[in-house]
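Working notes for the structure below.
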Amino acid sequence: MAKKAAAEHLVMPYLVSIPCNFSAGPYMGRLLREMKEHKKLWGNKCPSCGRIMFPPRAVCGQCHGVEAGDWVELSDKGTLFAFDVCYYPYIDPTTGQPKPVPWARGVITLDGGGALIHFIEPPDPEKLRRGMRVQAVWREEGRMGEMMDILYFQATEEDKK
Amino acid sequence: MADRVGIVAVAQTKFDQKREEHLTETLVHVTKDVMGQTGLEFKDDGTGIDSTVVASQDYFGGPGGIHMHYAYTVGAYRRPDERVEEDGAFAVAYGAMQILSGHHDVVLVVGHIKESVCSKNQVENLGLDHIYGRKIGLDFVAAAGMQAMRYQHKYGITPEQCAKVVVKNRTNGKNNPLVMYANGITVEDVLKSEMVADPIRVQEAKPVPVDGAVAMILACEDKAKKLTNKPVWITGMGMCYDHHELGYRDLADCDSLVSAAQMAYKMAGIKEPAKELNLAEVSDHYAYQELLWSEGLGLCGKGEGGKLIDKGTTSMGGELPVNPSGGLLCGVPLIVAGMQRVAECVLQLRGEAGGRQVSGAKTALAHGVEGPAGQLHCVITLEK
Ligand SMILES: [Zn+2]
């Protein structure tokens with residue numbers, strides 16, 4: 001039986017792109033400015049349940065709309081709470097360029113309260129462990145006021161020992 | 001099934017440009033207002049707000065993801081939370097359906113948008129089919145231009161009649177402290193203003209960008225009566241979609257609005273809307289639309305929208321005032337648009353509309369629209 005030639009697909013490249021701006025407002029705005037200008041992390045405290053909110057917010061969601069209270073300077077050191085190492089090809093959304101595999105990200109519980117998610121270096125499953133002590137490595141030049149002003153978290157000197 | 005759905009509280013922000021606020025601050029303001037009026041909070045034991053429905057548009061979150069901040073901000077963390085990516089009037093209808101179905105008793109409905117975040121035209125272009133519509137740069141303004149042209153041609157509607165809508169609504173808006181674009185514009189000023197999409201001139205289009213939010217609380221009949229001594233009842237609801245592609249429709253008619261209106265009137269038992277309604281808040285994204293939508297709503301006959309404005313029927317003091325609030329032409333954001341029509345009707349029926357009050361108003365109609373050239377419509381009738 002003669003084979004039918006497969007139909008050639010029509011291909012139409014199409015890129016969706018809309019310039020936009022974004023208002024950070026007083027809460028996110030203060031955090032991002034502190035990161036850019038002073039390499040510091042700030043959160044705020046719920047006056048009702050007392051938890052430290054990072055990222056800082058206008059209200060505590062868990063206390064159903066209680067307005068945020070005092071600002072608290074947070075540590076850039078913490079404990080690796082959860083992590084994963086990934087091996088699939090990954091396009092960095094900020095550059096459009098492929099990022100070398102493997103790479104690791106983790107949830108870091110900051111000393112004194114608050115938690116964030118960031119890259120963990122090196123992405124070596126032999127060396128990473130839950131509970132390890134980690135600290136932020138900041139971008140020295142050209143900070144923009146964004147989370148990538150921290151390049152990644154890595155093991156603290158004390159943890160390496 | 002519940003008997004009736006009552007709207008027990010409404011709140012609106014000022015409609016301006018909120019460049020200093022993250023959307024959460026806008027939401028905190030408007031939802032605390034509406035919750036404060038009723039003393040209600042979100043509860044999971046049936047003693048508070050059971051659920052929420054929010055209308056917004058993802059692209060207006062800046063780099064996207066507008067809905068992720070909603071639940072924790074309004075206090076709906078770990079509560080039923082539904083999102084609507086179309087005009088806010090639909091969110092009101094979906095909220096009411098949650099109650100009519102017996103699923104929930106009390107529902108918070110919110111609409112919010114910051115048009116100042118990005119280009120409305122570019123977002124609307126993405127609302128069109130990427131094969132047939134987007135590459136010719138079609139957006140809702142261009143689609144409205146074609147519709148206005150076709151409407152004027154088919155029924156002999158004049159540019160002056162469309163301009164009169166702007167004059168009426170911008171005058172009405174002077175009594176609405178929440179809008180920024182009310183003024184004493186004349187027909188001449190409108191017709192001399194810059195052409196945007198022939199025959200639509202810049203003064204005949206809803207001002208852009210405008211930011212803002214509306215919130216309201218809906219409740220089943222027995223709870224509504226306990227929560228306020230001035231409940232406003234939803235008597236009818238209708239929604240209908242037309243073809244997305246403009247080539248499938250005669251743009252001079254709005255058949256999907258006719259269907260939506262008939263659905264709402266049937267539910268409400270309204271036989272002669274022009275006589276039975278005391279006022280209407282209609283989504284006038286463009287001036288001609290108030291005339292065309294009035295026809296679709298049966299407030300006048302087909303092709304008679306021009307006569308309606310000429311006779312003064314829809315002016316304040318006329319038999320059926322349309323847009324006493326000043327409408328969208330005074331500057332209300334998209335998405336919020338239809339929900340704000342409902343909120344204004346509620347204020348009217350509660351007798352709390354201040355200088356824009358239609359005296360003795362007992363019944364009202366709110367209308368929301370979305371999509372190119374009025375593709376989909378939502379009609380809600382209300383009574384006190
Ligand atoms: Zn709390």
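Reminder, nothing fancy here: chain letters follow the sequence lines and each chain counts from 1. All figures in this text were calculated on a predicted structure; none of them were measured in a lab.
- Using a 4.5 Å cut-off between heavy atoms, A/V16 contacts chain B through its side chain alone, with no backbone atom that close.
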Step by step, would you call A/E67 with B/K32 a side-chain contact (heavy atoms from CB on, under 4.5 Å)? CA-CA 10 Å; A/E67 273 178 63; B/K32 275 203 180 277; 3.3 Å; yes

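- Heavy atoms of other residues, nucleotides or ligands lying less than 6.0 angstrom from NZ of A/K45 number 12 at most.
- Judged by distance alone, with hydrogens and angles left aside, the side-chain atoms of A/N21 form no donor-acceptor pair with the main-chain N or O of B/C118 at under 3.5 Å.
- The structure places OH of A/Y27 at 6.5 Å from CD of B/E25, a figure rounded to the nearest 0.5 Å.
- Contact annotation: the side chain of A/P26 never approaches that of B/E20 to less than 4.5 Å [non-hydrogen atoms, C-beta and beyond].
- More than 12 heavy atoms of other residues, nucleotides or ligands lie within 6.0 Å of CD in A/E37, so this atom counts as buried by the packing criterion.
- Here A/C63 contributes atom SG and B/Y72 contributes atom OH; the two are 14.5 Å apart, rounded to the nearest 0.5 Å.
- For the atom pair B/I131 CD1 and A/M12 CE, the distance stands at 4.0 Å (nearest 0.5 Å).
- Proximity to chain A is absent for every atom of B/F60, based on heavy atoms less than 4.5 angstrom apart.
- Residues A/I18 and B/V123 form a side-chain contact, since some pair of their non-hydrogen atoms from C-beta on lies under 4.5 Å apart.
- The local environment of CE in A/M144 is sparse, with at most 12 non-hydrogen atoms from other residues, nucleotides or ligands closer than 6.0 Å.
- Neither the backbone nor the side chain of B/V74 has a heavy atom closer than 4.5 Å to any heavy atom of chain A.
- Under the 3.5 Å distance criterion, with hydrogens and angles disregarded, a donor-acceptor pair is assigned to the side chains of A/S23 and B/K114.
- Residue A/F81 qualifies as open at atom CZ: its count of foreign heavy atoms under 6.0 Å is 12 or below.
- For A/A24, the part sitting under 4.5 Å from any heavy atom of chain B is the backbone (N, CA, C, O) and nothing else.
- Open room surrounds NZ on A/K127; 12 or fewer heavy atoms of other groups in view lie less than 6.0 Å from it.
- For B/R79, the part lying under 4.5 angstrom from a heavy atom of chain A is the side chain only.
- Between B/H130 and A/Y14, the ring planes are tilted. Angles from 30° to 60° get that label.
- Of the listed residues (A/C60, A/G29, A/P19), the one with the most heavy-atom contacts under 4.5 Å to chain B is A/P19.
- Other residues, nucleotides and ligands contribute over 12 non-hydrogen atoms within 6.0 Å of the OH atom of A/Y90.
- Proximity to chain A (any heavy atom under 4.5 Å) is shown, for B/T31, by neither the backbone nor the side chain.
- Other residues, nucleotides and ligands contribute more than 12 heavy atoms inside 6.0 Å of the CZ atom of A/R129.
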